[in-house]
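Residue numbers start from 1 in every chain, and the chains themselves are labelled A, B, ... in the order their sequence lines are given, proteins ahead of strands.
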Amino acid sequence: MPELPEVETIARGVHQRLLGDRIVEAWFGSHKEPFKTPSARQAKGLEGRAILAVHRTGKHIVCELSAASGSLQCHPNAGLADEPTAQWIVHLGMTGRLLVSTPDAPQAPHTHARLTLASGRELRFVDPRRFGRLEFRDLSRGPGFTAPGVDPLTITAEDFAQLFHRRRLPIKAALLNQNLLSGVGNIYADESLFRARIRPRRLSGRLTRAELEALRLALSQVLEHAIRLGGSSVSDYVDADGVRGFFQLEHCVYLRAGLPCPLCQTPIRRILLAGRGTHYCPICQR
DNA sequence: ATATGGCCCTGGTTGC
DNA sequence: TGCAACCAGGGCCATA
């Protein structure tokens, strides 16, 4: 389940590889629309545009695109002068993958979109469960994509405290709410609460200022650490080159029900909270 | 403002 | 061994 570190890893990988490349042809599968923009309109909108930058906003991958050109060449100075005029926004849902492939690579089942690039490579979107979403935005007709919540890597102590105080819901549910922070999912909610030694069921508004600051620090540290390790491969997550991450080896509680807590050896407990499997140490987290 | 449950969807696991 | 029920959960929606 791609969360902030996995999405960041993929966005960086795609940026590094495809900067300056140009979309020659866009193919979309014909199953019932999993997309925000109808497939035909996306394909038409994407073709001919150069990739100026690829970055992460919340759990979304945003590709900044140039104006369309009839030329099939790559765009050697991409990003230096051009202002983007369109965006392609990818949300991976639970099982989505965005892969940079060579054209001869066999097409994985559940490939829903394939962008052929001027370099000959392809950018493929694969998503077995179809929880992912693809969207095309023409920036001459509307605003660029913005996440509803604040990025957990850059939020200040003051803003973090403001965001969570006086809310009457469990802190884990608040962490998962993308309208507050954008980018935190089930893995990093559980892992940051463990590192901050806070029980997931504690009400957000009942946390002290010190606890909230410990949580903010734990969250940003765990996210940064996970980005350095290329994310967590718990199900079948891979980056833009199909390479697995390593942060799952650093998990202290997530999917470790019954296994010993790394600090006190007490078996990790699993409960259901906000409809999500939730893992914590009953001794270390208060 | 918050809570709950359903929906989407497939693949892996469990149970008979 | 084979098949079906069940579970996983991010985001969104309707309802309470």
| task | State whether A/Arg167 places a side-chain N or O below 4.0 Å from either non-bridging phosphate oxygen (OP1 or OP2) of B/dT2. | result | yes
| Do the side-chain N or O atoms of A/His91 get closer than 4.0 angstrom to the phosphate oxygens (OP1, OP2) of C/dG11? | yes
| field | Identified side chain to side chain contact (heavy atoms under 4.5 Å, CB included) counterpart of A/Asp21 within the set A/Val100, A/Leu117, A/Leu123, A/Val14 | value | A/Leu117
| said: By a 5.5 angstrom centroid cut-off and a 30 degree plane limit, is there stacking between A/Phe131 and C/dG10? | reply: yes
| request: Verify the neighbour count for atom CZ of A/Arg202: are there more than 12 heavy atoms of other residues, nucleotides or ligands below 6.0 Å? | output: yes
| field | Touch class at under 4.0 angstrom, heavy-atom based, for A/Arg168 against every strand present | value | sugar-phosphate
| Between C/dG10 (P) and A/Leu4 (CG): distance, integer Å | 14 Å
| field | Length of the CD-C1' vector between A/Gln178 and C/dC13, whole Å | value | 16 Å
| task | Look at the side chain of A/Arg133 against the base of C/dG11 and say whether a donor-acceptor pair falls under 3.5 Å; ignore hydrogens and angles. | result | no
| said: Tell me the closest heavy-atom pair linking A/Pro2 and A/Gly93, and the distance in Å. | reply: CD-O, 3.4 Å
| So which nucleotide from C/dG10, B/dA3, B/dT10 ends up closest to the side chain of A/Asn186? | C/dG10
| said: Output the rounded distance in Å from CG (A/Leu272) to C1' (B/dA3). | reply: 14 Å
| field | Phosphate OP1/OP2 of C/dA8 contacted by A/Arg276 side-chain N/O (<4.0 Å) | value | no
| Rounded to whole angstrom units, what separation is found between the CG atom of A/Leu180 and the P atom of B/dA1? | 11 Å
| said: Can you tell whether the side chains of A/Glu191 and A/Arg195 come within less than 4.0 Å, N to carboxylate O? | reply: yes
| message | How many whole angstroms separate atom CD1 of A/Ile171 from atom P of B/dA3? | response | 12 Å
| task | Please check the phosphate of B/dG11 (OP1 and OP2 only) for any side-chain N or O of A/His110 closer than 4.0 Å. | result | yes
| said: Nearest whole Å is fine: how far is B/dA3 C1' from A/Leu176 CG? | reply: 15 Å
| request: Determine the sole option in A/Leu115, A/Leu99, A/Leu134 for which the side chain to side chain contact (heavy atoms under 4.5 Å, CB included) test with A/Phe125 is passed. | output: A/Leu134
| message | Within the 4.0 Å heavy-atom criterion, would you say A/Glu3 contacts the bases, only the backbone, or no part of the nucleic acid? | response | nothing
| said: What is the distance, to the nearest angstrom, from the CG atom on A/Leu273 to the C1' atom on C/dG10? | reply: 16 Å
